[in-house]
Amino acid sequence: MRPMLHHHELSAAVRAAISAAQAAGTLPSFDIPDVLVERPRETTHGDYATAVALQLARPARMAPLKIAEAIVGHIALPDYIGETTAVAPGFINFRLSKVWLQSLPDRILAPAGDFGRVDLGQGHKKAQVECVSANPTGPITLGRTRGGVIGDTLHRVLEAAGYDVTLEYYYNDAGRQITLLGESVKVRYLQELGQPAELLDEYYQGDYIIDLAKDLIAANGDALVEMPTDTFAEYARERISLQQKETLARIGIVFDVYFREQSLYETGAVWKTLEELRKRGYIYEKDGAQWFRTTGFGDDKDRVVVKADGEPTYRLPDIAYHWDKAQRGFDLVVDIFGPDHHATAPQVLMGVRALGYSSDFVHTLLHQIVNLVRGGNQVKMSTRRGLFVTLDELVDEVGADAIRYFMISRSANSPVDFDLDLAVEQSDKNPVYYIQNAHVRCAGIFRKWAEAGLPEDADEDADLRLLTHERELAFLRKALELGDVMEMIATTCEPHRLAFYAYDLAALFHPAYEECRVLHSDVPEPLRLARLRFYRTARAVFARVLELMGMSAPDVM
RNA sequence: GCCCCCGUAGCUCAAUUGGACAGAGCGUCGGCCUUCUAAGCCGAAUGUUGCAGGUUCGAGCCCUGCCGGGGGCACCA
């Protein structure tokens, strides 16, 4: 089993120390609270710290510093902690043992690919991440791309955190949008054949519709003129879905499940959901429509779930879908929505609760928009006029790695300004290159090492206590944080932390690389081997972090 | 009118979920290539965290009220 994260062990150690101090009469009797151990911002405060003594001042009726001292006096330290101090106004600081830190390379390199794993999911919890979920009516847009990258990054992180994760796309293949799609393609088909047909305002305007029509003509000539719009809709839906799937795969997003809305009709789940809600007293009829009593859950007005014409609104299948998620037994469901769905997300959760489930297992993640910037100016986009940059075009222009990085380079709550010039710039100004170059530099050392005909595993028994350079130790400290970062992301669903971590890691790597030579002739042999071990470690850490972000770890650029 | 997000250095954004002196990048200014290493490094300057109250040992973070920006408020999805 993987070891616990240090801050958890220290938390337990502090609780035990409080208990011991109480037994010894050094501290009075009180209930021992949860002890939060965190990494202080200020490195002079050590590697871990807790403010628990400050919180205990009131229940213990003692000066915080005295409490901190009592705790320090009774604590049993794990081997990786070198020293513990109580400092004013009452913080307890822990500092990593230098020898232990120097041994970190062996710990990181030992189980290949396991570094950064944590145990939140305990190997059995089931999680689902739902994202993109675009209608199959057009190319993937940048907003959906952002949701997709956020979702896939979470998928990777949750998996590393011990969850069994399903990445899922809710595929909206029923209803009006699809009908419109069919009509749009048919109009273009007729127009391309020179027959009169008018593309109405509400139809899809993009050129890709014309392309689909041309393909139909190439394959069928004018044989489809009399066919119903359903034929065109079905064709377009399949083609576009496939295209979306291929495009997403270009940036490393591969879904485990495509959940079709239509299947909720085929299995009767939609109507079953309505009846279940009705049975539970949440449905009433008004003006010929069926209303869901969302006001019972704090909504400002009730919502129509079946229109007067007998057709369900999108809410009913959405609720049916989430009922299905609840029944599938996920411990955690992450729903990722763009800014255009901010208002509807709560209504689905109301549906889940109305069906008798807690909605606590659902984490709704709302993200802001993506703006494209070129030459310092915002690129104007309009979906309605078909004037938008698609994911495919963006991959062609800047590549998958830059897209993956920049989409998570901001908190979901902040808009992303995607700078097309920066994304392809090959310099330290471009964080994508800056980070990947750290991996390239490591790989370069080993390439040169091999070219000199030296044995690949020469550093295996290196004396790691020779890693005394402050740059090396600072990097190792940061590398150790990966587990904490993973845990934080898995609990908060905030993958931007990974992007920031990767950058910070690179910012600590490059100075070390600058100052700590390996192959240079004046480096003594034992130190050379220790540093070789260090760079082997750094390479592994960057490879791991880049993998978690779905980015490539190049050996040359 | 109601709901959501945001307001932090000149600009774009972080801030370990309430902790210690609020940090990065860009931009600006000044240094560093006979060195696996300039696709890089070192250094400098920059803040009333929109405003006003409140909660407490402690608030950028929580509560209330304002101000400003963005998005959303269908029997569309």
Side-chain angles (χ1 to χ4, degrees), chain A residues 7 36-42 44-45 49-51 54-55 57-58 63-64 87-91 93 133-135 137 172 174-178 180 202 261 286-291 299-301 303-315 317-318 338-346 366-369 373 409-417 419 422 425-431 433-434 436-438 440-441 444-449 451-452 481 484-485 487-488 491-492 494 496-497 499-500 503-504 507 510-515 517-523 531 535 557:
Chain A
H7 73 267
L36 183 66
V37 173
E38 54 201 348
R39 305 189 83 111
R41 282 198 266 244
E42 189 61 47
T44 59
H45 294 139
T50 180
L54 292 163
Q55 297 162 26
R58 187 188 297 270
V87 299
F91 290 98
N93 295 335
S133 296
N135 292 346
T137 55
N172 223 289
R176 192 175 120 84
Q177 304 297 326
I178 293 294
L180 281 178
E202 68 255 37
E261 181 188 8
K286 191 180 83 178
D287 303 332
Q290 307 289 321
W291 295 71
D299 206 354
D300 52 0
K301 60 184 172 190
R303 308 287 171 167
V304 171
V305 286
V306 180
K307 297 183 274 182
D309 65 5
E311 288 295 312
T313 64
Y314 62 91
R315 287 186 195 94
D318 275 3
D340 48 337
H341 285 64
H342 282 193
T344 69
L366 306 174
H367 66 81
Q368 300 296 318
I369 59 171
V373 175
S409 68
R410 298 279 179 262
S411 145
N413 288 332
S414 291
V416 166
D417 287 333
D419 189 326
L422 180 63
E425 186 165 319
Q426 305 204 346
S427 79
D428 60 328
K429 286 181 189 169
N430 180 354
Y433 277 82
Y434 187 70
Q436 288 180 319
N437 189 40
V440 168
R441 285 180 144 183
I445 290 172
F446 287 96
R447 191 170 51 248
K448 287 230 161 45
W449 182 258
E451 281 167 5
E481 270 187 47
D484 294 350
V485 172
E487 181 186 63
M488 178 66 75
T491 51
T492 62
E494 294 178 344
H496 72 278
R497 294 172 184 276
F500 280 89
Y503 187 87
D504 291 345
H510 288 299
Y513 183 79
E514 199 79 23
E515 294 180 32
R517 310 288 164 85
V518 188
L519 307 181
H520 201 259
S521 60
D522 60 7
V523 177
R531 286 188 169 168
Y535 287 109
M557 288 196 298

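Proteins get letters first, then strands, A, B, ... in listed order; numbering begins at 1 in each. For clarity, every value in this text was computed on a predicted model and none was experimentally measured.
Distance A:Glu38 CD to B:G19 P: 6 Å, rounded to the nearest Å. We find that CD of A:Glu425 is positioned 17 Å from P of B:A38, with the value rounded to whole Å. Spacing between atom CG of A:Asn430 and atom P of B:A38 amounts to 18 Å, rounded to whole angstrom units. A:Asp309 has its CG atom 17 Å from the P atom of B:A74, to the nearest Å. Between A:Arg39 atom CZ and B:G19 atom C1' the separation is 17 Å, expressed in whole Å. Between the CG atom of A:Asn413 and the P atom of B:G69 there is a distance of 20 Å, rounded to whole Å.
Applying the Watson-Crick and G-U wobble criteria (two distances, each under 3.5 Å), B:U55 pairs with nothing in any strand. With a 3.5 Å ceiling on both atom-pair distances, the Watson-Crick or G-U wobble partner of B:G7 is B:C67. With a 3.5 Å ceiling on both atom-pair distances, B:A45 lacks any Watson-Crick or G-U wobble partner. Here B:C73 sits opposite B:G1 as a Watson-Crick or G-U wobble pair (both hydrogen-bonding atom distances under 3.5 Å). The base-pairing partner of B:C13, taking Watson-Crick or G-U wobble contacts with both distances under 3.5 Å, is B:G23.
Rounded to a whole angstrom, the distance from the P atom of B:G65 to that of B:C3 is 10 Å. When the P atom is used for both B:A14 and B:A52, the distance is 24 Å, rounded to whole Å. To the nearest whole angstrom, the two C1' atoms, one in B:G23 and one in B:C62, are 22 Å apart. For the C1' atoms, the distance linking B:G68 with B:G50 amounts to 7 Å, nearest Å. B:G1 sits 30 Å from B:G60 when the C1' atoms are compared, rounded to a whole Å. Here, B:C61 and B:U16 have their P atoms 12 Å apart, quoted to the whole Å. Nucleotides B:C29 and B:U34 are separated by 29 Å at their C1' atoms, to the nearest Å. Distance noted for atom C1' between B:U55 and B:C13: 29 Å (whole Å).
Closest to the side chain of A:Pro339, from the set B:G19, B:G71, B:C36, is B:G71. Between B:A77, B:C13, B:U37, one nucleotide has an atom nearer to the side chain of A:Gln177 than all others, and that is B:A77. Residue A:His341 has its side chain nearest to B:A77 when only B:A77, B:U56, B:U12 are considered. Here the side chain of A:His510 is nearest to one of B:C4, B:C41, B:G19, namely B:C41. Picking from B:A77, B:C75, B:U37 the nucleotide with the shortest atom distance to the side chain of A:Arg441 gives B:U37. The A:Arg497 side chain lies nearest to B:U16 when the options are B:U16, B:A77, B:U37. Among the nucleotides B:U17, B:C13, B:A77, the one closest to any side-chain atom of A:Glu261 is B:A77.
Ranked by how close their nearest RNA chain B nucleotide is to the 5' end, A:Ala308 and A:Ser427 are led by A:Ser427.
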Quiz item: Yes or no on side chain to side chain contact (heavy atoms under 4.5 Å, CB included) for A:Arg410 and A:Asp417, after CA distance, side-chain angles and deciding distance?
Solution: CA-CA 9 Å; A:Arg410 298 279 179 262; A:Asp417 287 333; over 6 Å; no
Exercise. For A:Arg39 and A:Glu481, run side chain to side chain contact (heavy atoms under 4.5 Å, CB included): C-alpha distance rounded to whole Å, both residues' side-chain angles, the deciding distance at 0.1 Å, then the answer.
Key: CA-CA 9 Å; A:Arg39 305 189 83 111; A:Glu481 270 187 47; 3.1 Å; yes
Quiz prompt | Intermediate values then yes/no, side chain to side chain contact (heavy atoms under 4.5 Å, CB included), A:Tyr314 and A:Thr344 | solution = CA-CA 10 Å; A:Tyr314 62 91; A:Thr344 69; 3.5 Å; yes
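Residue A:Val306 is out of contact with every strand shown, counting any heavy-atom pair closer than 4.0 Å. Residue A:Glu494 is in base contact, counting any heavy-atom pair closer than 4.0 Å across all strands shown. As judged by a 4.0 angstrom heavy-atom cut-off over every strand, A:Gln55 is placed among the base-contacting residues. In this structure, A:Ala49 reaches the bases: a heavy-atom distance under 4.0 Å links it to at least one base atom across the strands shown. Among the protein residues, A:Thr344 comes within range of the nucleic acid bases, having at least one heavy atom under 4.0 Å from a base atom. Contacts of A:His496 with the nucleic acid, taken as non-hydrogen atoms under 4.0 Å apart, involve only primed sugar atoms and P, OP1 or OP2. Counting any heavy atom pair closer than 4.0 Å across all strands shown, A:Asp340 reaches a base atom. Contacts of A:Asp287 with the nucleic acid, taken as non-hydrogen atoms under 4.0 Å apart, include base atoms. The residue A:Pro64 sits apart from the nucleic acid: no heavy atom pair falls under 4.0 Å. Within 4.0 Å of A:Leu36, counting heavy atoms only, lie sugar-phosphate atoms of the nucleic acid but no base atom. Within 4.0 Å of A:Ala57, counting heavy atoms only, lies no atom of the nucleic acid at all. Within 4.0 Å of A:Pro40, counting heavy atoms only, lies at least one base atom of the nucleic acid. Counting non-hydrogen atoms under 4.0 angstrom, A:Asp299 reaches nothing in the nucleic acid. A:Arg176 comes within 4.0 angstrom of sugar-phosphate atoms only, judged by non-hydrogen atoms across all strands, and of no base.
The side chain of A:Ser411 places an N or O atom within less than 4.0 Å of a non-bridging phosphate oxygen (OP1 or OP2) of B:A14. For A:Lys448 and B:U37, the shortest distance from a side-chain N or O to OP1 or OP2 is below 4.0 Å. Note on A:Lys301: every side-chain N or O is 4.0 Å or more away from OP1 and OP2 of B:C3.
Note: A:Asp484 CG to A:Glu38 CD = 11.0 Å, rounded to the nearest 0.5 Å.
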Got a list of protein N/O to nucleotides 43-46 of chain B N/O distances below 3.5 Å?
none

Short N/O separations, protein against nucleotides 21-27 of chain B, under 3.5 angstrom:
residue: B:G27; atom: OP1; partner: A:Lys429; partner atom: NZ; Å: 2.6

